[in-house]
Structure formats: structure tokens, C-alpha cells
Student: 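Let me give you the structure first, and then I'll get to my questions.
If you're wondering where the values come from, they're calculated on a predicted model, not measured in any experiment.
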Amino acid sequence: MRDHAVYPEILSQDLLEWYDRHARQMPWRVGPEARAAGVRPDPYRIWLSEVMLQQTTVAAVKDYFERFTRRWPTVSDLAAAADADVMAEWAGLGYYARARNLLKCARVVADDLSGVFPDTYEGLIALPGIGPYTAAAISAIAFDRPETVLDGNVERVMARLHDEHAPLPGVKPVLKDHAAHLTPALRPGDYAQAVMDLGATICTPKSPACGICPWRTPCRARLNGTAAELPKKTPKKPKPTRHGFVYIARNHEGDWLMERRPDKGLLGGMLGWPGSDWNEAPTEAPPFEANWQDLGAEVRHTFTHFHLILQVRMAELPAGFNLSDGQEIIKRHDFRPSDLPTVMRKAFDLLHR
DNA sequence: GACTCGTGGTG
DNA sequence: TCACCAAGAGT
């Protein structure tokens with residue numbers, strides 16, 4: 001048997017051979033036949049997909065990616081888009097700072113870099129919304145540079161391959177070091193995608209399919225029977241529950257009173273309903289005095305670090321209402337629930353149940 | 001290093 | 001039902 005610990009390039013080759021047989025088709029990937037014909041990945045599409053894939057599943061991203069690239073085929077098209085259009089198109093995908101930084105980045109590339117993405121890690125990580133993972137992923141996948149990607153998949157695969165029991169995030173540098181030693185000089189872009197595919201399909205968080213894993217022989221955790229319990233993570237804080245009110249108002253023409261949320265903070269830059277703060281004991285904060293009707297049902301929604309229970313109130317918007325800061329009237333025919341972040345769309349959904 | 005920042009799928 | 005999880009970044 002070959003000694004994998006001494007010859008990491010043998011592991012890389014084994015994984016690339018597995019990848020050539022099992023690579024999944026994705027809208028942003030260049031298939032083997034196109035690749036053979038000389039087609040290179042489009043940096044714009046790789047960048048867009050990688051930003052969308054941050055903490056987000058491939059299944060959730062696919063439709064958004066298709067809509068974005070159909071509407072804005074190049075980075076210059078995206079750079080010229082209106083902020084509100086981009087935020088509306090991103091609605092429902094979550095982590096809205098990604099959309100704001102996406103637009104910032106597109107404008108830097110279009111305005112300052114002649115519409116050409118940097119092809120190095122250093123050039124890429126200087127851009128808004130591109131951190132250590134995404135800079136490595138773009139330079140590897142789009143430009144075939146030997147950078148090492150370290151995402152949740154790679155962390156899990158490396159923790160198991162080397163049977164590392166120290167908890168994340170502390171052990172991250174060690175896992176990164178393991179991953180770096182395996183990154184091959186040949187086909188580093190395919191290799192990066194291969195490790196992540198391995199983590200997503202074989203070396204899964206629960207009940208990994210070790211029996212069919214291309215690295216089943218060298219894997220130390222499989223040898224020790226600890227694969228399913230790795231990687232260890234430091235325990236998270238429990239989520240508190242917060243409460244609040246939102247107020248949905250329409251005028252005689254059926255137009256809606258809404259609010260553009262400030263760029264910083266939760267749901268930043270997104271459209272939503274006027275409402276109260278969200279905390280343990282909310283106080284009503286209607287945008288105008290009226291006989292607000294209780295919808296008799298509540299919105300339950302869970303964010304990253306708290307649960308939310310919203311009471312939804314409804315009233316008619318008086319004629320001649322003066323908009324205050326951040327408020328907008330959305331014309332009846334311009335209103336689309338799909339432009340709203342999910343928690344706000346849930347409140348809207350209560351209107352017709 | 002510790003927080004903040006969404007959403008939908010899954011066991 | 002509910003905690004965990006997903007191709008993390010910014011502060």
C-alpha cells in the first residue's frame with residue numbers, strides 16, 4: 001500500500017480521479033467537454049456564485065444565480081444596476097450585507113479595474129465581500145492558481161483525515177495547514193472543488209459515507225471510528241426570543257406604506273414594514289394614529305442569533321400622509337412580495353390566509 | 001477572539 | 001419541534 005502521509009500528492013491525485021468521475025453539474029461550472037475545447041471559467045460568474053454560496057446551500061443558490069446572470073450578464077451590467085433592484089433580486093437569500101458588498105465590489109471592478117477581476121489572492125481579498133475563503137476560491141477556480149480553500153467542508157474533511165479533536169474555531173489554523181499540504185500544483189482549481197464536493201456528498205456532517213470515500217484508506221478518523229463526531233466545535237450560546245410589532249397600511253389606491261431599512265445592521269438595505277424595535281418587552285410604535293386592526297396571528301421567525309415573534313397590525317393609510325425618514329410609498333403595481341426579506345414576506349402572507 | 005448577520009433543509 | 005448545518009465576511 002502507498003504511504004499517503006509521506007506522499008500527499010498521491011491523495012490529491014486520488015481525489016482528482018474521483019472528481020473526474022463524480023463532479024456535479026452546476027450553472028457556474030465549465031463541463032469537461034467545454035474545458036477540453038479550451039473554455040475557461042468566467043471570473044464574474046465564479047465570483048457571483050462564491051458570494052452567493054457563502055453559508056448557503058447549492059440548492060438555494062441555483063435559481064438566484066440564474067436570475068442574476070440573466071439580468072446582469074457582466075460585472076459592468078451589475079455595476080450599473082440600481083441598488084434597490086439588486087437588493088430586491090437578492091431578497092430571500094439572506095445575509096444581505098453580501099448583496100450590498102456585491103454591488104460595491106462590482107463598481108470597483110467596473111470603474112477602477114476596467115471591468116477585469118484581479119487574478120491573485122491579494123488583489124481579490126482587497127475587494128468588498130471577498131474574504132480569505134472567497135479570495136482563495138476565485139483565484140483557484142477561475143485562474144487555476146494553487147491557493148488553498150478552507151470552508152466548512154474542508155475543515156470537516158481535514159479534521160477527519162487527521163483525526164483532529166481540538167474544537168473549532170481554535171483548530172482552524174491547523175486544519176488550514178493540513179489542507180495546504182495537500183493542494184497540488186496541477187489542477188488546483190479542480191482540486192479545490194473536489195475537496196468541497198467530497199465534504200458535501202461523502203464526508204457529510206452526519207453519517208458520512210466512509211465506505212465509498214476515495215480517502216477511506218488514509219483517513220485516521222475512519223480508522224479510529226471517530227469520523228461522525230468530528231469536527232468538534234465550541235458550544236454556541238442559546239438564542240433568546242424577541243418580540244415586536246409591524247404595521248401594514250394601504251391607501252385608497254392600494255399603494256403600500258413601507259420602509260427602506262438603514263444599510264447597517266439586520267436586514268440592512270432591505271424593504272420592510274414600519275414597526276417597533278425588537279426586544280423582550282416591545283412597545284407599540286405605529287407610523288400614524290389609527291384604529292389598528294390585529295390580524296389575530298403572529299409571525300414566527302428565527303434569525304442567526306435570536307427567535308422573533310411579530311404581531312402584525314393593519315390600517316388604512318390616510319390621504320395626504322407625510323412620509324418620514326426612510327418611508328416610501330410603493331405603488332400597487334410595483335409591489336412584489338418576493339422583493340421582501342422572508343420575515344417581512346411572512347407578515348404580508350398573514351393578510352390573506 | 002467574540003459578535004453580528006438569514007434562510008431553508010434535515011435528522 | 002428544534003438544534004444543527006451550509007462553498008464566511010465584517011467589525
Side-chain angles (χ1 to χ4, degrees), chain A residues 24 26-29 45-65 87 90-102 104-105 124-138 140-142 147-157 167-173 176 179 189 191-201 203-208 228-229 231-242 261-270 272 278 300-308 340-346:
Chain A
R24 296 181 296 171
M26 296 179 195
W28 47 88
R29 281 188 178 172
R45 294 165 65 88
I46 298 303
W47 163 71
L48 179 60
S49 69
E50 288 301 340
V51 173
M52 287 183 167
L53 286 164
Q54 290 166 4
Q55 296 289 286
T56 310
T57 58
V58 170
V61 162
K62 274 184 175 164
D63 288 349
Y64 283 86
F65 179 84
M87 300 314 288
W90 196 275
L93 197 54
Y95 282 138
Y96 298 100
R98 293 185 295 172
R100 301 194 303 274
N101 286 329
L102 189 82
K104 279 188 198 167
C105 181
L124 287 161
I125 202 170
L127 294 169
I130 299 183
Y133 163 77
T134 306
I138 296 173
I141 298 170
E147 301 290 350
T148 301
V149 298
L150 189 66
D151 72 331
N153 290 307
V154 182
E155 288 174 354
R156 184 170 57 255
V157 170
L168 283 167
V171 77
K172 196 167 171 174
K176 170 84 178 195
Y191 172 80
Q193 296 176 87
V195 198
M196 294 191 282
D197 272 20
L198 185 71
T201 61
C203 197
T204 51
K206 294 171 185 171
S207 49
E229 64 190 65
K232 303 280 191 186
K233 298 189 178 182
T234 54
K236 321 179 170 170
K237 293 198 317 187
K239 295 179 195 214
T241 298
R242 299 183 189 170
R261 299 173 65 88
D263 272 351
K264 292 188 187 303
L266 193 71
L267 308 179
M270 298 301 289
W278 301 340
R300 290 175 175 270
H301 191 76
T302 298
F303 291 100
T304 312
H305 54 293
F306 65 93
H307 304 287
L308 178 64
L340 306 181
T342 299
V343 63
M344 297 297 174
R345 188 185 48 73
K346 283 184 180 176

Student: If the condition is salt bridge (charged side-chain N to carboxylate O under 4.0 Å, His left out), which residues does A:Lys62 pass it with, not counting sequence neighbours?
Tutor: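 None.
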Student: What is the nucleic acid contact for A:Arg24, judged by heavy atoms within less than 4.0 Å: base, sugar-phosphate only, or nothing?
Tutor: base
Student: Using atom C1' in both nucleotides, what's the gap between C:dA9 and B:dG1 to the nearest angstrom?
Tutor: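 Going atom to atom, C1' in each nucleotide, I get 15 Å.
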Student: NA contact type, A:Pro341, heavy-atom cut-off 4.0 Å: base, sugar-phosphate, or nothing?
Tutor: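 Result for A:Pro341 = sugar-phosphate.
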Student: Which heavy atom in A:Arg98 sits nearest to a heavy atom in A:Val51, and how many Å separate them?
Tutor: NH1-O, 3.1 Å
Student: What interatomic distance, in whole Å, is found between P of B:dG11 and the corresponding atom of C:dA7?
Tutor: 15 Å
Student: Distance between the C1' atoms of B:dC5 and C:dC5, in whole angstroms?
Tutor: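 Per the computed distance, 16 Å lies between those C1' atoms.
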Student: Is it true that atom CZ of A:Arg300 has more than 12 heavy atoms of other residues, nucleotides or ligands lying nearer than 6.0 Å?
Tutor: no
Student: Within the 4.0 Å heavy-atom criterion, would you say A:Gly268 contacts the bases, only the backbone, or no part of the nucleic acid?
Tutor: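 A:Gly268: no heavy atom of the nucleic acid under 4.0 Å.
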Student: Given atom NZ of A:Lys232 and atom P of C:dC5, what is their separation to the nearest angstrom?
Tutor: 12 Å
Student: Pairs under 3.5 angstrom, nitrogen or oxygen only, protein versus nucleotides 9-11 of chain C, please.
Tutor:
| from | atom 1 | to | atom 2 | distance (Å) |
| --- | --- | --- | --- | --- |
| C:dA9 | OP1 | A:Gly131 | N | 2.9 |
| C:dA9 | OP1 | A:Gly131 | O | 3.4 |
| C:dA9 | OP1 | A:Thr134 | N | 2.9 |
| C:dA9 | OP1 | A:Thr134 | OG1 | 2.7 |
| C:dA9 | OP2 | A:Pro132 | N | 3.4 |
| C:dA9 | OP2 | A:Tyr133 | N | 3.3 |
| C:dG10 | OP1 | A:Gly129 | N | 2.4 |

Student: Quick one: label A:Thr342 by what it contacts on the DNA or RNA (base, sugar-phosphate, nothing), any heavy atom closer than 4.0 Å.
Tutor: sugar-phosphate
Student: Between the protein and nucleotides 1-3 of chain C, list the N/O to N/O atom pairs that are separated by less than 3.5 angstrom.
Tutor:
none

Student: If you round to the nearest 0.5 Å, how far is CG of A:Asp151 from CD of A:Gln55?
Tutor: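 Nearest 0.5 Å value for the CD-CG distance: 9.5 Å.
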Student: Would you classify A:Leu93 as touching base, sugar-phosphate or nothing, given that sugar-phosphate means primed atoms plus P, OP1 and OP2, and contacts are heavy atoms under 4.0 Å?
Tutor: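 Touches a base.
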Student: For A:Glu229 and C:dC5, give me the distance from atom CD to atom P, rounded to whole Å.
Tutor: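 Between P of C:dC5 and CD of A:Glu229: 13 Å.
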Student: To the nearest 0.5 Å, tell me how far A:Thr57 OG1 sits from A:Met52 CE.
Tutor: 12.5 Å
Student: For A:Met344, which contact category applies under a 4.0 Å heavy-atom criterion: base, sugar-phosphate, or nothing?
Tutor: nothing
Student: Can you work out whether A:Lys346 or A:Lys237 has the more 5'-proximal nearest nucleotide on DNA chain B?
Tutor: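 That would be A:Lys237.
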Student: Rounded to the nearest Å, what distance is computed from the CE atom of residue A:Met196 to the P atom of nucleotide C:dA7?
Tutor: 9 Å
Student: Could you give the side-chain donor-acceptor pairs of residues 235-242 of chain A under 3.5 Å, partners two or more places apart or in another chain?
Tutor:
| from | atom 1 | to | atom 2 | distance (Å) |
| --- | --- | --- | --- | --- |
| A:Lys239 | NZ | A:Phe303 | O | 3.3 |
| A:Lys239 | NZ | A:Thr304 | O | 3.0 |

Student: For A:Pro231 and A:Arg156, work out which heavy atoms get closest and say how close.
Tutor: CD-CG, 3.6 Å
Student: Where do A:Tyr133 and A:Glu50 land on the side-chain hydrogen bond (donor to acceptor under 3.5 Å, both in side chains) test, with the steps shown first?
Tutor: CA-CA 9 Å; A:Tyr133 163 77; A:Glu50 288 301 340; 2.7 Å; yes
Student: Regarding A:Arg300, tell me which of base, sugar-phosphate or nothing describes its non-hydrogen contacts under 4.0 Å with the strands shown.
Tutor: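 It contacts nothing in the nucleic acid.
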Student: Rounding to the closest angstrom, what is the interatomic distance between C:dT1 and B:dG8 at atom C1'?
Tutor: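 Result for the C1' pair: 16 Å, nearest Å.
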Student: Is there a side-chain contact between A:Ile130 and A:Cys105 in this structure, where contact means two heavy atoms from C-beta onward sitting under 4.5 Å apart?
Tutor: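 Sidechains of A:Cys105 and A:Ile130: in contact.
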Student: Atom OH of A:Tyr64 and atom P of C:dA7: how far apart are they, to the nearest Å?
Tutor: 19 Å
Student: Kindly give the heavy-atom pair with the smallest separation between A:Arg45 and A:Pro27, and that separation in Å.
Tutor: NH2-O, 2.8 Å
Student: Assign each of A:Gln55 and A:Ser207 to its nearest nucleotide of DNA chain B by heavy atoms, then name whichever residue's nucleotide is nearer the 5' end.
Tutor: A:Gln55
Student: A:Lys172 near the nucleic acid: base, sugar-phosphate alone, or nothing, with a heavy-atom cut-off under 4.0 Å?
Tutor: nothing
Student: Which is the 5'-most and which the 3'-most nucleotide of DNA chain B that has an atom under 4.0 Å from a heavy atom of chain A?
Tutor: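 The contact span of chain A on DNA chain B goes from B:dT4 to B:dG8.
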Student: What is the distance from CE of A:Met52 to P of C:dG8, rounded to the nearest Å?
Tutor: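 Interatomic distance, CE of A:Met52 to P of C:dG8: 15 Å.
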Student: Working note: A:Lys346 + A:His301, criterion side chain to side chain contact (heavy atoms under 4.5 Å, CB included); need CA distance, chi angles, decisive distance, verdict.
Tutor: CA-CA 9 Å; A:Lys346 283 184 180 176; A:His301 191 76; 2.9 Å; yes
Student: Has A:Lys176 got more than 12 heavy atoms of other residues, nucleotides or ligands less than 6.0 Å from its NZ?
Tutor: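 Enclosed.
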Student: Sequence neighbours left out, what passes side chain to side chain contact (heavy atoms under 4.5 Å, CB included) with A:Ser207? Give chain and number order.
Tutor: none
Student: Scan A:Gly92 against the nucleic acid and name what it touches under 4.0 Å (heavy atoms): base, sugar-phosphate only, or nothing.
Tutor: sugar-phosphate
